[in-house]
Q: 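My structure is below; once you've seen it, I'll send some questions.
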Amino acid sequence: MPELPEVETTRRGLSPHVVGARVDTATVRDRRMRWPVEPGLEQRLRGQTVRQLDRRAKYLLFDFDKGQLMIHLGMSGSLRLVESHAEIGKHDHFDLSLDNGLIMRFRDPRRFGSIHWLPIHGEHSLLAKLGPEPLSDELSAGYLFERSRGRSVAIKNFIMDNHVVVGVGNIYATEALFRAGISPKKAAGKVGLARYQRLEQAIRAVLSEAIQQGGTTLRDFVGGTGDAGYFSLSLQAYGREGEPCERCGTDMKGLRLGQRATVYCPKCQR
DNA sequence: ACTGGCACCTGGGCGC
DNA sequence: TGCGCCCAGGTGCCAG
């Protein structure tokens, strides 16, 4: 489920309930995540108070006095808040039982997600080489233009590369390229500055619209599914192979780029 | 340094 | 109903 808007929505939904709460117990039911969950994590967390909940790329960072808990939701992960009597599901791998009576429960059927303890805030090899946040001032058309010079990789793969810019997943890369009128298979190095300006705007617009939509689900965050799924943001390209382009009526075309399904309009996107 | 391809894992939907 | 196949929103790592 999680692309960046879903992760950000999760952060905003959890934040008011977990910040300021103390961990009574942490429970790991299955340590086999993308990387094995460190032995002793439970002891490190016990008795500590959540000071803040941040996000970097698609990582959620729970600040404690002695370090940070870093969680990635992978492809199928979700975090929700449940009451203590809630039934434990087959894929509920991790619990943080809080002193306010709530349990923050991590569910991840595919186990592509991860849980790490960072003794020093922000210091982890997984965070070290990440590109700028897409909704920050650090992302600019000029930056994308400069970074892409000499690159033959398809523009879609380029903007999905975490080292270039974080948080642009398959759905939103597809949508942003449609809005910007750029073919997903175009070599990144052959896209000019003016088109990167359109692309940068499109990335910002698509992500912030999706986050706004996500805001409407926050009310039910406690005890809800914690799974926002796709936002009702109307997708103009993703999943619309064979359907008429909303702009020109041409059949939307599908292809695979970097082992990912891609859809685009062969007429509007060049 | 860059590139494409593989890997991790489970569940859902489809055709037969 | 059941089985096998393909697909899925992520991303680190590998060989070339």
Side-chain angles (χ1 to χ4, degrees), chain A residues 1-11 29-37 55-60 70-79 89-94 106-116 124-131 134 144 146-178 184-190 203 206-207 209-211 213-214 217 225-242 254-263:
Chain A
M1 97 65 186
E3 285 226 23
L4 182 126
E6 287 81 355
V7 178
E8 177 61 19
T9 297
T10 297
R11 189 191 70 78
R29 293 190 197 81
D30 195 338
R31 312 196 89 85
R32 299 172 305 161
M33 301 299 292
R34 174 147 198 204
W35 290 278
V37 179
R55 178 186 60 73
R56 172 74 174 108
K58 293 173 187 165
Y59 293 97
L60 287 166
M70 179 170 82
I71 294 183
H72 195 290
L73 302 178
M75 288 271 261
S76 58
S78 62
L79 280 170
K90 184 180 173 187
H91 303 292
D92 292 338
H93 306 314
F94 176 71
F106 182 34
R107 170 175 296 181
D108 186 4
R110 289 174 77 178
R111 286 190 279 113
F112 284 176
S114 61
I115 305 173
H116 286 97
H124 195 281
S125 55
L126 290 171
L127 301 175
K129 291 178 179 174
L130 295 175
L144 290 173
E146 290 303 330
R147 280 289 310 245
S148 62
R149 292 311 85 186
R151 299 287 303 271
S152 63
V153 68
I155 183 83
K156 175 159 180 266
N157 296 338
F158 179 70
I159 60 171
M160 288 178 70
D161 181 348
N162 274 340
H163 304 306
V164 174
V165 54
V166 301
V168 184
N170 198 33
I171 294 178
Y172 299 110
T174 300
E175 291 302 308
L177 287 164
F178 176 81
K185 54 187 177 181
K186 175 117 183 154
K190 294 195 168 178
I203 290 171
V206 165
L207 292 177
E209 280 170 37
I211 289 171
Q213 299 273 350
T217 68
T225 63
D227 178 6
Y230 298 90
F231 293 140
S232 48
L233 171 76
S234 67
L235 299 175
Q236 297 178 287
Y238 184 84
R240 308 196 73 165
E241 178 178 351
L255 79 154
R256 289 189 83 79
L257 274 177
Q259 292 81 241
R260 303 256 129 189
T262 300
V263 183

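Given the structure is predicted, the values throughout are model-derived calculations rather than measurements. What you see below is based on every heavy atom in this structure, not just the backbone, and it leaves out hydrogens, waters and symmetry mates. Throughout, protein chains are lettered first and strands after them, A, B, ... in sequence-line order, and every chain is numbered starting at 1.
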Q: Would you say B:dT10 has OP1 or OP2 under 4.0 Å from some side-chain N or O of A:Lys90?
A: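 No, no such contact exists.
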Q: In whole angstrom, what separates A:Lys156's NZ from C:dT11's P?
A: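 Value for this atom pair: 13 Å.
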Q: Atom CZ of A:Arg32 to atom P of B:dC8: distance rounded to whole Å?
A: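 About 14 Å, once rounded to whole Å.
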Q: For DNA chain C, write out the stems as range with range, using runs of 3 or more consecutive Watson-Crick or G-U pairs with both distances under 3.5 Å.
A: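 So the stems come out as B:2-8 with C:10-16, B:10-16 with C:2-8.
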Q: Between A:His91 and B:dC9, is there a side-chain N or O to OP1/OP2 distance below 4.0 Å?
A: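 The answer is no; no side-chain N or O of A:His91 sits under 4.0 Å from OP1 or OP2.
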Q: Regarding A:Arg151, tell me which of base, sugar-phosphate or nothing describes its non-hydrogen contacts under 4.0 Å with the strands shown.
A: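 A:Arg151: backbone/sugar contact only, no base atoms under 4.0 Å.
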Q: Does C:dG9 have OP1 or OP2 under 4.0 Å away from a side-chain N or O of A:Tyr172?
A: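 Indeed not, no polar side-chain atom of A:Tyr172 lies that close.
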Q: Identify all pairs in which a protein N or O lies below 3.5 Å from an N or O of nucleotides 12-16 of chain C, and state each distance.
A:
from: C:dG12; atom 1: OP1; to: A:Tyr59; atom 2: OH; distance (Å): 3.3
from: C:dG12; atom 1: O4'; to: A:Arg34; atom 2: NH2; distance (Å): 2.9

Q: Taking only side-chain N and O atoms of A:Ser76, does any of them lie within less than 4.0 angstrom of OP1 or OP2 on B:dG11?
A: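 It does not, given that no N or O in the side chain of A:Ser76 lies less than 4.0 Å from OP1 or OP2 of B:dG11.
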Q: Judged by atom type as modelled, is there a donor-acceptor pair below 3.5 Å linking the side chain of A:Arg31 to the main-chain atoms of A:Met33?
A: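 Checked: no pair found.
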Q: Closest nucleotide of DNA chain B for A:Ala154 versus for A:Pro109: which of these residues is on the 5' side?
A: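 Taking each residue's closest nucleotide, the earlier one in sequence belongs to A:Ala154.
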Q: Quickly work out the A:Asp108 CG to C:dA8 P distance and round it to whole Å.
A: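 Distance, rounded to whole Å: 18 Å.
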Q: Quiz question: going by heavy-atom distance under 3.5 Å, is there a donor-acceptor pair between the base of B:dC9 and the side chain of A:Arg110?
A: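 Yes, a donor-acceptor pair under 3.5 Å.
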Q: Within less than 4.0 Å of OP1 or OP2 of C:dG10, is there a side-chain N or O belonging to A:Arg260?
A: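 True: A:Arg260 side-chain N/O within range (under 4.0 Å) of C:dG10 OP1/OP2.
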